[in-house]
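Notes to accompany the following structure.
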Amino acid sequence: MTATARRVLEQLRHDPRTIALMLVMPCVLISLLKWVFDASPHVFQSIGAALLGIFPFIVMFLVTSVGMLRERTSGTLERLLTMPLAKGDLLGGYALAFGAVALLQAVLISALTIGPLGLSVAGPAWAVVLVAVLDALLGTALGLFTSAFARTEFQAVQFLPAFVLPQFLLCGLFTPRDQMQTVLRWASDVMPLSYAVDAMDKITSHAAVTGGLVADMAIIAGAGVLALALGAATLRRRTE
């Protein structure tokens, strides 16, 4: 697993555009959001924390789904699977490597948002970083899983609206989940991004780490582990 993680990190080191996308783009997006609502700071205060978890999720989903597909189409994945390497270890290596990047990404965007952009949170800053990391890891795991169903990079990108946008619309960012139609609320309840937004809302409004926040974190982490397990189950030893 660690050997795979080192190889992925080495590949990333030689790909500055991808590093910029993962580290800089979430910071750019949250800054744009702040400036868009500069005349209405209460709007940024109400949705800024939620988007602090959503932007890393989206970026990591896109990068990992396309990155894993490149491994498949280039034949690298097939060569790796001929070695005595378990599928879970392979995906775990990817998750470990992108998790390291996600940690750096979460620290940067959290420091920017709570610092210069002035987002006020009642809870501890480390909790904001932790939820952002869990969201980024969840995006990584879902990206690795969905890449199994794509044949081209164009198809991989199309999974973004299929897997991410429904969660984005139903996560409670635009309207409280308990005010949605019953069917939509049920759908929202099984979407992990809903718990990411709930967790950020709890950190914003509560000074202490509550049991509800811990439960939300556990659900996000569990969804990530489930996505990795499904990704390992659908990982083929031959590319088509």
Side-chain angles (χ1 to χ4, degrees), residues 26 29-30 32-34 36-62 102 106 109-110 113-114 117-143 145-146 159-230:
L29 292 175
I30 201 75
L32 285 175
L33 181 76
K34 167 65 176 177
V36 166
F37 294 107
D38 194 46
S40 306
H42 64 283
V43 176
F44 179 72
Q45 180 60 39
S46 64
I47 65 174
L51 290 173
L52 194 58
I54 292 174
F55 286 154
F57 171 85
I58 294 175
V59 170
M60 296 306 285
F61 176 90
L62 182 62
I109 190 173
S110 299
T113 307
I114 298 175
L117 298 185
L119 181 73
S120 175
V121 294
W126 63 262
V128 176
V129 174
L130 179 56
V131 174
V133 170
L134 290 175
D135 293 342
L137 287 174
L138 175 63
T140 299
L142 284 176
F145 169 56
T146 56
F159 284 124
L160 183 68
F163 278 82
V164 175
L165 287 189
Q167 297 193 61
F168 183 73
L169 293 174
L170 299 178
C171 67
L173 180 66
F174 300 104
T175 187
R177 293 199 295 133
D178 57 4
Q179 296 180 15
M180 294 179 181
Q181 296 289 336
T182 303
V183 174
L184 296 181
R185 191 175 69 251
W186 288 347
S188 175
D189 287 343
V190 298
M191 294 179 174
L193 203 56
S194 301
Y195 300 93
V197 172
D198 286 350
M200 285 298 190
D201 286 343
K202 291 183 176 74
I203 295 172
T204 303
S205 56
H206 295 88
V209 176
T210 64
L213 173 59
V214 174
D216 287 337
M217 290 180 179
I219 291 173
I220 300 168
V225 172
L226 177 61
L228 281 180
L230 292 173

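Small disclaimer: the values here were computed from a predicted structure and weren't measured.
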Do [X] side-chain atoms and [Y] backbone N/O form a donor-acceptor pair below 3.5 Å?
X      : Y      : answer
Thr146 : Gly143 : yes
Ser40  : Phe37  : no
Gln167 : Met191 : no
Ser194 : Ser188 : yes

Scan residues 163-211 for pairs that pass ring pair (Phe, Tyr, Trp, His ring centres under 6.0 Å), counting only residues two or more places apart or in two chains.
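Counting only pairs at least two positions apart or across chains, the ring pair (Phe, Tyr, Trp, His ring centres under 6.0 Å) contacts touching residues 163-211 are Phe159-Phe163, Phe168-Phe174.
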For [X] and [Y], work out which heavy atoms get closest and say how close.
X      : Y      : result
Ala132 : Ala106 : CB-CB, 3.7 Å
Ile114 : Ala125 : CD1-CB, 4.3 Å
Pro56  : Leu51  : CD-O, 4.1 Å
Val131 : Ala196 : CG1-O, 4.2 Å
Met180 : Arg185 : O-NH1, 3.7 Å
Pro192 : Val190 : CD-O, 3.7 Å

Rounded distance (nearest 0.5 Å) linking atom [atom1] of [X] with atom [atom2] of [Y]:
X      : Y      : atom1 : atom2 : result
Leu137 : Phe57  : CG    : CZ    : 11.5 Å
Leu142 : Leu226 : CG    : CG    : 9.0 Å
Leu62  : Leu160 : CG    : CG    : 6.0 Å
His42  : Ile47  : NE2   : CD1   : 10.0 Å

With Thr204, the side chain to side chain contact (heavy atoms under 4.5 Å, CB included) member among Leu119, Val128, Leu52, Val121
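Answer after filtering Leu119, Val128, Leu52, Val121: Val121.
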Can you tell if the side chain of [X] reaches within under 4.5 Å of the side chain of [Y], non-hydrogen atoms only?
X      : Y      : value
Ile58  : Ile54  : yes
Phe44  : Leu117 : yes
Val36  : Leu33  : no
Arg177 : Asp189 : yes

N/O donor to acceptor pairs below 3.5 angstrom from side-chain atoms of residues 209-225, sequence neighbours left out:
unit_1	atom_1	unit_2	atom_2	d
Thr210	OG1	Leu213	N	3.2
Asp216	OD2	Lys202	NZ	2.8

Suppose the criterion is side-chain hydrogen bond (donor to acceptor under 3.5 Å, both in side chains): which pairs have a residue in residues 117-140, not counting sequence neighbours?
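Residue pairs passing side-chain hydrogen bond (donor to acceptor under 3.5 Å, both in side chains), neighbours aside: none found.
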Test side chain to side chain contact (heavy atoms under 4.5 Å, CB included) on Ile30 and Phe55 and set out the steps.
CA-CA 8 Å; Ile30 201 75; Phe55 286 154; 4.1 Å; yes
